[in-house]
Amino acid sequence: MTEQQKTAARVGVLGARGRMGMEVCKAVDSAADLELVAAVDQGDDLDAVAQAGAEVVVDFTTPDAVMDNLRWCVEHGVHAVVGTTGFTGQRLAEVRGWLAGRPGVGVVIAPNFGIGAVLMMQFAARAARYFESVEIVEQHHPRKLDAPSGTATHTARLIAAARADAGLGPAPDATRDEVAGARGADIDGVRVHAVRATGLVAHQEVLFGTTGETLTIRHDSYDRVSFMPGVLLAVREVGRRPGLTVGLDALLD
Ligand SMILES: NC(=O)C1=CN([C@@H]2O[C@H](COP(=O)(O)OP(=O)(O)OC[C@H]3O[C@@H](n4cnc5c(N)ncnc54)[C@H](O)[C@@H]3O)[C@@H](O)[C@H]2O)C=CC1
Ligand SMILES: O=C(O)C1=N[C@H](C(=O)O)C[C@H](O)C1
C-alpha cells in the first residue's frame, strides 16, 4: 500500500450501477486522495459499506430509497453526500433529528452538484425581487423518475422566499380557462414546467419579466461529468462539517 492510499478517504457509493453512481465511482477512483471501497446498488447488503470501512457514502439512488440509506449512514457514524432528489422540509427535519443524536456526523444534501447550476440558482434568487413575473422551465432526459426536478423545486422556493422578502404578491396571470397542467406545477406560487426529451441531460431556464424587459437565466449540463467537481468537493468537506448542510453554496464560499 502506498503512502497516498494510507491517507486516502474511504468512500462508498450507493446507486453505483445508476447513471450518476457509475460516474461517481469513476471520479472517486481517479482522485488520488480518495479510495472507492464499496459500490452498492439495489439488492446489495448495506453492511458491505460498514465492512469495507467507508468513512463517507455518496448516495445517488431514488427518492423512495434515500431516507433508509441516510438513516443507516447516520446510525453507523458514516458521513453522507446526497444528490438524490425528493427532500421536502419534513424529510430535512427528520434528518436533523437523526443527526442530533450523532453530533460528529456530517450530511451534505444538494439538489444540484453542478457549479454552474448552483450559480444559476443564486443569480435567480438575486434577480427575483426586481421582476413581477417569473416562470421556470426545466428540461431533462426521459428516464428521470421525478417531476419537477429537485433543482427546479429548490429554485422556485428560493425565488418565492426572495419575492416574499421584497413584498411582491402573486405574478400577474389572467388565465381562467386551463387544460390541466398547461400552466405547469405551482411551487410556492412559482410556475414550473417540466420537459422530457431524448438527447437532453439536465437543463433549466428561469424567465423573469417586468414592464418592457425580460431576463432569462439558463444553465445546461450536457454531460454528468459536470456534477463531479461538486460531488468530490462535498466528499472532501463533509467530515469537517458536522450536522446537515443543504446545498453546495456553503462549501463553495
Ligand atoms: N444532485 C445532483 O446534482 C443530481 C441529482 N440527481 C438525482 O440522483 C438520483 C439518481 O439519478 P440517476 O443516477 O440518473 O438515476 P438511475 O436510475 O440511473 O440510478 C439510480 C440507481 O439507484 C439504484 N438503487 C435503487 N434503490 C437502491 C437502494 N435501496 N440501494 C442502493 N441502490 C439503489 C438503482 O438500481 C439505480 O442503479 C435522482 O434522484 C436524480 O434526480 C441526478 C443527477 C445530478
Ligand atoms: O435526474 C437528473 O438527471 C437530475 N436530477 C437533479 C434534479 O432533479 O434537479 C439534478 C439535475 O437536474 C439532474
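If you're wondering where the values come from, they're calculated on a predicted model, not measured in any experiment. Note that ligands are numbered from 1 as they come in the structure, with each ligand's atoms numbered from 1 the same way.
Between Arg218 and Asp220 there is a salt bridge, since at least one side-chain N of the basic residue sits less than 4.0 Å from a carboxylate O of the acidic one. Looking at Arg183 and Asp173, a side-chain N of the basic residue comes within less than 4.0 Å of a carboxylate O on the acidic one, giving a salt bridge.
Shown are Thr62, Thr151, Asp146, Asn112; of these, the side-chain hydrogen bond (donor to acceptor under 3.5 Å, both in side chains) with Thr85 is made only by Asp146.
Of all atoms in ligand 2, numbered sequentially from 1 with element shown, those under 4.0 Å from a heavy atom of His141 are 1 (O), 2 (C), 3 (O). Listed by number with element, the atoms of ligand 2 under 4.0 angstrom from any heavy atom of Asn112 are 10 (C), 11 (C), 12 (O). Remark: ligand 1 atoms within the under-4.0 Å shell around heavy atoms of Thr84 are 8 (O), 39 (O). The Ala110 neighbourhood of ligand 1 comprises atoms 1 (N), with distances under 4.0 Å to a heavy atom of that residue.
For atom 39 (O) of ligand 1, the closest non-hydrogen atom of the protein is Thr85 OG1, 2.8 Å. Ranking the protein heavy atoms by distance from atom 4 (C) of ligand 1 puts Phe60 CE2, 3.6 Å first. Among all protein heavy atoms, the one lying closest to atom 33 (C) of ligand 1 is Gln42 N, 3.5 Å. For atom 5 (C) of ligand 1, the nearest non-hydrogen atom of the protein is Gly83 O, 3.0 Å. The closest protein non-hydrogen atom to atom 10 (C) of ligand 1 is Thr61 O, 3.2 Å. When hydrogens are left out, the protein atom nearest atom 30 (N) of ligand 1 is Asn69 ND2, 3.9 Å; that is the closest non-hydrogen contact.
Looking at ligand 1, you won't find any N or O of Ala65 less than 3.5 Å from one of its N or O atoms. Inclusion of Val40 in the set of residues having an N or O under 3.5 Å from an N or O of ligand 1 is not warranted. Checked against a 3.5 angstrom limit, the closest N/O atoms of Gly18 and ligand 1 fall inside it. Between Asp41 and ligand 1, at least one N/O pair is under 3.5 Å apart. Of the polar atoms of Gly114, none of the N or O atoms is found under 3.5 Å from an N or O of ligand 1, judged by distance alone. Between Phe113 and ligand 1, at least one pair of N/O atoms sits closer than 3.5 Å. Annotation: Gly150 places an N or O atom under 3.5 Å from an N or O atom of ligand 2; distance criterion only.
Here the side chain of His140 pairs no donor or acceptor atom with the backbone of Arg196 at under 3.5 angstrom.
Side-chain contact between Val108 and Val82: absent, with no pair of heavy atoms (C-beta onward) separated by less than 4.5 Å.
By heavy-atom distance, the residue among Arg224, His140, His154 lying nearest atom 12 (O) of ligand 2 is His140. Nearest residue to atom 40 (C) of ligand 1 from Met20, Arg19, Lys144, Arg17 is Lys144 (criterion: closest heavy atom). Counting heavy atoms only, Pro111 comes closest to atom 6 (C) of ligand 2 of the residues Pro111, Ser149, Gly83, Ala202. Among Lys144, Gln139, His203, Gln204, the residue whose heavy atom lies nearest to atom 4 (C) of ligand 2 is Lys144.
Looking at Thr151 against ligand 2, both its backbone and its side chain come within 4.0 Å, counting heavy atoms. Residue contacts with ligand 2, taken as heavy atom pairs separated by less than 4.0 Å, do not involve Met20 at all.
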